Amino acid sequence: MTLLDQETAGTWIARWDAQQEGYVPDREERFTAMIDAVEAAAGRPDPLVLDLGCGPGSLAGRILDRIPGATVVAIDTDPLLLSLGRAVHAGRDGIAFTALDLREPGWAARLRLPRQADVAVSTTALHWISPAGLRVVYAELATLLRPGGLFLNGDNLHVDDVTPGLAGLDDALGERRRARHAAAGARPENWEQWWEAIGADPAFAELRGASTEEVTGHHGSPSRLLSAHAEALRAAGFAEVGTLWQHGDNRLLAALLAG
């Protein structure tokens, strides 16, 4: 397989971040809030952090920038995104990219962690799992976290008891925020355009087919309701579940495992 150079990978990850910010203009602020919470909850300078559905490692890299002593185990199933992350972070201590499918039972045991993790994080990656599947994922996650460990999920999660009028206003505010972001030149391409562009790059010829199949299979939102995540987390043994940060339906959901 052709090895990617760090500069090429960095260029594609920068484009990935730009297109993601087109959908989530507050993405960097949410990242900052997540890492603040990781620091506050870990209670040590060398936390073990799991990144579920890490993509090319955008959040994992930011965690290490802020907490150099951390170890981040970054998990994803897409070979192209993992290859980008491995290339851009080549030679960097503290980050391990791991190919695992969270939908396959037993993924937690296959990680073979050196100790229980202090924190687990995820961003816009778990809404494609069904509500029933979330219960399995969170049950397995609970076996990996230490007592009192923290889980953070940054995503656009809807509440199911919002009245139609308020729901419409919430959607309108989100669209206006994204439109302002796009008008400022911050959205050069969308999700589909990014995948089309990287698929046309010869450097990714060997990874293109598998990644395209994965994207098609995962690009959905059966678990966009906040209640689906909250119920699954409580069923898995998380004692406290709530929103730490929020802009419209863009929120940072936090859950503390029972001590």
Side-chain angles (χ1 to χ4, degrees), residues 24 26-76 85 88-89 91-98 100 102 106-126 129 134-155 157 226 229-247 250-259:
V24 188
D26 310 307
R27 184 172 180 258
E28 287 297 338
E29 184 179 339
R30 189 174 66 192
F31 277 157
T32 298
M34 293 185 80
I35 301 171
D36 285 345
V38 171
E39 280 192 309
R44 54 190 296 168
D46 60 343
L48 177 57
V49 182
L50 308 180
D51 186 357
L52 308 183
C54 65
S58 297
L59 176 57
R62 285 163 174 78
I63 291 172
L64 283 178
D65 289 342
R66 176 93 73 85
I67 315 172
T71 296
V72 182
V73 179
I75 303 162
D76 207 285
V88 85
H89 294 290
R92 186 176 191 180
D93 293 333
I95 185 167
F97 287 93
T98 304
L100 280 176
L102 300 178
W107 64 267
R110 288 194 290 274
L111 274 179
R112 301 185 184 279
L113 297 178
R115 63 178 177 85
Q116 289 182 304
D118 301 288
V119 183
V121 298
S122 187
T123 58
T124 62
L126 299 180
I129 299 176
L134 277 180
R135 287 180 171 263
V136 178
V137 170
Y138 288 149
E140 293 214 21
L141 174 61
T143 68
L144 298 174
L145 287 172
R146 63 168 171 77
L150 175 67
F151 170 63
L152 298 165
N153 185 24
D155 207 344
L157 300 174
L226 176 64
H229 293 264
E231 290 166 7
L233 286 163
R234 291 192 177 98
F238 288 84
E240 300 180 42
V241 181
T243 297
L244 288 184
W245 174 99
Q246 182 177 359
H247 277 190
N250 177 21
R251 70 182 72 235
L252 177 56
L253 181 65
L256 287 169
L257 193 63

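Everything numeric here is computed off the predicted structure, so don't read it as measured data.
The side chain to side chain contact (heavy atoms under 4.5 Å, CB included) search around Ala120 returns Leu50, Leu141, Leu145, Phe151, not counting sequence neighbours. Under the rule for a side chain to side chain donor-acceptor pair (under 3.5 Å), Arg234 has no partner lying at least two apart in sequence or in another chain. Taking Trp107 as the reference, nothing meets the ring pair (Phe, Tyr, Trp, His ring centres under 6.0 Å) condition, with sequence neighbours excluded. A search for side chain to side chain contact (heavy atoms under 4.5 Å, CB included) contacts involving Thr32 returns Asp36, Arg66, not counting sequence neighbours. Every residue meeting the salt bridge (charged side-chain N to carboxylate O under 4.0 Å, His left out) condition with Glu28, not counting sequence neighbours, appears here in chain and number order: Arg62. By the side chain to side chain contact (heavy atoms under 4.5 Å, CB included) test, Thr124 is found to be paired with Gln20, Arg30, His127, Asp155, residues two or more places apart in sequence or in another chain being considered. Legend: residues meeting side chain to side chain donor-acceptor pair (under 3.5 Å) with Glu240, ordered by chain and number and at least two apart, are absent. Residues passing the side chain to side chain donor-acceptor pair (under 3.5 Å) test with Asp65 are Arg92, sequence neighbours excluded. Listed by chain and residue number, Asp118 satisfy the side chain to side chain donor-acceptor pair (under 3.5 Å) test with Arg115 (two or more places apart in sequence, or in another chain).
Taking CD1 of Ile95 as the reference point, atom CD1 of Ile63 lies at 8.5 Å (rounded to 0.5 Å). Atom-to-atom distance recorded for Gln116:CD and Leu48:CG is 10.0 Å, nearest 0.5 angstrom. The CG atom of Leu152 sits 6.5 Å away from atom CG of Leu244, with the distance rounded to the nearest 0.5 Å. Taken to the nearest 0.5 Å, the CG atom of Leu226 stands 9.5 Å off from the CD atom of Glu231.
Residues Leu111 and Leu100 form a side-chain contact, since some pair of their non-hydrogen atoms from C-beta on lies under 4.5 Å apart. You'll find the side chain of Asp26 stays beyond 4.5 Å of the side chain of Phe31, heavy atoms only. Within the 4.5 Å cutoff, the side chain of Leu126 has heavy atoms near those of the Leu102 side chain. No side-chain heavy atom of Met34 sits under 4.5 Å from any side-chain heavy atom of Trp245.
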Val121 vs Leu59, side-chain contact (heavy atoms from CB on, under 4.5 Å): CA-CA, chis, key distance, verdict: CA-CA 9 Å; Val121 298; Leu59 176 57; 3.6 Å; yes
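With hydrogens and angles disregarded, no donor-acceptor distance shorter than 3.5 Å links the side chain of Thr98 to the backbone of Ile75. Counting only distance, with no hydrogens or angles, the side chain of Glu140 and the backbone of Gly106 share a donor-acceptor pair below 3.5 Å.
Listed by first and then second residue, the side chain to side chain donor-acceptor pair (under 3.5 Å) pairs involving residues 44-55 are Arg44-Asp46 (not counting sequence neighbours).
Nearest approach of Gly53 to Asp76, heavy atoms of both residues: C-OD2, 3.3 Å. Of all heavy-atom pairs between Arg146 and Ala42, the closest is NH2-O, 3.5 Å. What you find for Pro47 and Ile67 is that their closest heavy atoms are CD-CG2, 3.9 Å.
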Only pairs under 3.5 Å count here: list side-chain donor-acceptor contacts from residues 251-259, not counting sequence neighbours, and write none if there are none.
unit_1: Arg251; atom_1: NE; unit_2: Leu157; atom_2: O; d: 3.2
unit_1: Arg251; atom_1: NH1; unit_2: Thr243; atom_2: OG1; d: 3.2
unit_1: Arg251; atom_1: NH2; unit_2: Leu157; atom_2: O; d: 3.3

